[in-house]
2 protein chains.
Amino acid sequence: MNFSIAEENYIKAIWRLQQSDANVTTNELAAELQTKPASVTDMLKRLSEKKLLNYAPYYGVKLTADGKKLALSIIRKHRLWEYFLVEKLQFNWDAVHDIAEELEHVSSPELIERLDAFLGYPKADPHGDPIPDSKGRMTSISNLTLQQLPEAQPAIVTGVGDQSSSLLELLRQKNIGIGTKLEIKQRHAFDGSVEIKIRNQPLINLSEQLAKNILVKPQ
Amino acid sequence: MNFSIAEENYIKAIWRLQQSDANVTTNELAAELQTKPASVTDMLKRLSEKKLLNYAPYYGVKLTADGKKLALSIIRKHRLWEYFLVEKLQFNWDAVHDIAEELEHVSSPELIERLDAFLGYPKADPHGDPIPDSKGRMTSISNLTLQQLPEAQPAIVTGVGDQSSSLLELLRQKNIGIGTKLEIKQRHAFDGSVEIKIRNQPLINLSEQLAKNILVKPQ
DNA sequence: ATTAAAATTTAGACGAAACTAAACTTTTTT
DNA sequence: AAAAAAGTTTAGTTTCGTCTAAATTTTAAT
């Protein structure tokens, strides 16, 4: 079975929303895909015909096993291409998302298997998100945020909360990336901001909003 | 200006046909693109609106300067991706055309510049076709075929007549590729076939049809 | 338990890119 | 130069993915 770019984008968006929200609604999807609710309804009917999801009018939508499989194969392609763009073509991590959005729709399965081998079977993309294997299996990712980390507990950055370029650019400027070791020196009750220490660097202050969007693994 | 995949494919096909045929006709295009003449007429009107070509009803079509520029940028992308697929991902040269057909429509100009640098600014794709530079400049390729090569004149293979997988597979099987050194030992008047010698290998016979589709440069 | 508000779907339309069948031009043949 | 053949365009549909406006259903509020 072969799917259009629009169809693949819907499946991917539904998968993403399904992670936090068991039942995905028409309006959520319209917002996520920058389109109108009426368009979403149309497409949901088509995808339901194709057995990629179960659609209950007025009550939202859920991916079938086939739908999940497709979603994971697209996510695999997206994240492998992101890894390629950063590791081989030297792109900054905040510049690769849009390009990978296009590359992920190239359909050859052999291309992806060879790309995976060429890259050395990476486990995670440049933002720390895990890369599903060819069977769709994926190791789940740390869900402790920097904000939740206890004071004086050394930790390593494993991911980010979202892929917005405003967030990624800010982190790059502050010299924080995947693998950065840090610890919280002080927490300010007033605004929830934290003072963190990175090896060899002066203390820096991160807002609560930012700390919530940095995923860490205690060491 | 941004163009659809269908539009880009038309421009590319017109460019290709324009190489041999000054004026490209509706029927030729329909055959090349595996579509119907009526569909071609529709698209030619649209592309003419967009100033990519000059369209004279009933008399055929010619690319404008803008159209040529676009064609060369697509060809550049196609050939760089083919080079990547063969050199980095170890694909056989007869397996890369279809994948590159998809990759060539990914739009980021920065991606292509970085890919070019990553690959070491290659001059030709795996079939020996020259890769246009970012300005659209392209060194023209040898147009002497093996069939035209004098007997006992050593030469090096620089390209192939077309990209059909039947041709490429045959050449691969006979151990002939870009860069192969060979010379003609004997020419058979009866069927136009030639006996060629490749270093350290026994004589092999190539049909006239095949010899016409191998491009060579005398040494 | 009505009513008001929010969310969702239906109906009807549109542009892109394709198609078939019919009409029209150009070219070739006689 | 007229007729036949070949090539091309026009007219009218189709499918995909989108839209707006109107109708409907669900949820929240009084």
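In what follows, every chain begins at residue 1, and chains take the letters A, B, ... in the order their sequences are listed.
Remark: B:Glu49 does not engage B:Lys45 in a salt bridge, criterion side-chain N to carboxylate O under 4.0 Å. Between A:Glu7 and A:Arg46, none of the side-chain N atoms (NZ, or NE/NH1/NH2) sits under 4.0 Å from a carboxylate O, so this pair counts as no salt bridge.
In this model, the phosphate group of C:dA16 is not approached by any side-chain N or O of B:Arg46 to a distance below 4.0 Å at OP1 or OP2. For D:dT18, neither phosphate oxygen OP1 nor OP2 lies less than 4.0 angstrom from any side-chain nitrogen or oxygen of A:Thr35. Contact annotation: B:Lys36 reaches the phosphate of C:dT20 (side-chain N/O to OP1 or OP2, under 4.0 Å).
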Might you work through the side-chain contact (heavy atoms from CB on, under 4.5 Å) test for A:Leu170 and A:Leu210, ending with a clear yes or no?
-> CA-CA 9 Å; A:Leu170 179 56; A:Leu210 183 51; 3.8 Å; yes

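Rounded to a whole Å, the CG atom of A:Leu33 is 10 Å from the P atom of D:dC19. Residue B:Glu49 contributes atom CD, which lies 13 Å from atom P of C:dA17 at whole-angstrom precision. Taking atom CG on B:Leu29 and atom C1' on C:dA18, their separation rounds to 15 Å, with Å as the unit. In this structure, the CD atom of B:Glu8 is 15 Å from the C1' atom of C:dA16, given to the nearest Å. Distance B:Gln34 CD to C:dA17 C1': 16 Å, rounded to the nearest Å. In this structure, A:Ile5 atom CD1 and C:dA16 atom C1' are separated by 14 Å, rounded to whole Å. Residue A:Leu47 contributes atom CG, which lies 11 Å from atom C1' of D:dG17 at whole-angstrom precision.
Among pairs with a residue in residues 98-108 of chain A, those fulfilling salt bridge (Lys or Arg N to Asp or Glu O under 4.0 Å) read A:Lys12-A:Glu101, A:Lys12-A:Glu104, at least two apart in sequence or across chains.
The only member of A:Leu33, A:Leu52, A:Val61 that meets side chain to side chain contact (heavy atoms under 4.5 Å, CB included) when paired with A:Ile14 is A:Val61.
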Assign a letter to each nucleotide of nucleotides 4-11 of chain C from its 5' end: B, base within under 4.0 Å of a protein heavy atom; S, sugar-phosphate only; -, no contact.
-> ---SBBB-

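Taking the centre of each ring, B:Phe91 and B:Phe84 stay at or above the 6.0 Å mark.
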